[in-house]
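Count residues from 1 along the sequence. Values reported hereafter were calculated over all heavy atoms of this structure, with side chains retained and with hydrogens, waters and symmetry mates removed.
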Amino acid sequence: MALRKLSAVLVRTHTPGNLGSAARVAKNFGVSDLRLVEPAAAPDEDSLRLASGADDLLARLRRFPDLTSSVADFDAVVATSSLRGRDEQRFLTLAELPGFLAELGQDARTAFVFGPERSGLTEEERSRASACLRLPSHPDFPTLNVSHAM
């Protein structure tokens, strides 16, 4: 069975080290297309160190001026969120994700979108997604580092 083509879109990532950690995680799971929505950090020595073997993915990092242009060529866009204090329309649990992807078909190009470290995705950014994946976390501290969310 062929692997599904997945991409990861990082929105306004502030910390260069998170770019490296995200690149390493992306490569671990076969993501070969890593995109960055501006304004955002740029890869530096710290990000290269944390990429640990995924520096090729950092070198191919594609930058976009906004979320809309970064996901324009995808069949489906899955935003990620803890959804704390937010409207939960179009949300999937982790258990529902495989079924959602199966419905899209093996050839569907799918992007997973991860918000900035400080604030997460805005309501407008989430509204551009086909679905929102709720990442489970403790209710008292629902935020995840972007690379951990990936």
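Distance CZ/R35 to CG/L67: 11.0 Å, rounded to 0.5 Å. Note that the OG atom of S7 and the CG atom of D73 stand 7.5 Å from one another [nearest 0.5 Å]. In this structure, S70 OG and E38 CD are separated by 11.0 Å, a value rounded to the nearest 0.5 Å. In this structure, CG in L6 is found 5.5 Å from CZ in F112, a value given to the nearest 0.5 Å. Taken from CZ in R62 to CG in L34, the straight-line distance is 11.0 Å, to the nearest 0.5 Å. Considering CZ of R24 and CG of L57, their distance stands at 13.0 Å, rounded to 0.5 Å.
The main-chain N or O of A41 is never found under 3.5 Å from a side-chain atom of T13 such that the two would form a donor-acceptor pair. Within the 3.5 Å criterion, the main-chain N or O of D66 finds a donor-acceptor partner in the side chain of S69. Between the side chain of T122 and the main chain of E125, a donor-acceptor pair closer than 3.5 Å is present. Side-chain atoms of K27 come within 3.5 Å of backbone N or O of G53 as a donor-acceptor pair.
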Please determine whether salt bridge (charged side-chain N to carboxylate O under 4.0 Å, His left out) holds for the pair D33 and R60, giving the CA-CA distance in whole Å, both sets of side-chain angles, and the decisive distance to 0.1 Å. CA-CA 8 Å; D33 180 26; R60 291 192 315 269; over 6 Å; no

Before you tell me yes or no, could you show the steps for E123 and R128 under salt bridge (charged side-chain N to carboxylate O under 4.0 Å, His left out), namely the whole-Å CA-CA distance, both residues' side-chain angles and the distance that decides it to 0.1 Å? CA-CA 9 Å; E123 290 293 323; R128 302 208 180 280; over 6 Å; no

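Between C132 and L92, the closest side-chain pair of non-hydrogen atoms is not below 4.5 Å. Side-chain contact between F100 and S130 is present, with at least one heavy-atom pair separated by less than 4.5 Å.
Linking Ile, Leu, Val, Met, Phe, Trp and Tyr residues whenever their side-chain heavy atoms come within less than 4.5 Å places V31 and L10 in a single cluster.
Partners of D75 by side-chain hydrogen bond (donor to acceptor under 3.5 Å, both in side chains), not counting sequence neighbours: none found.
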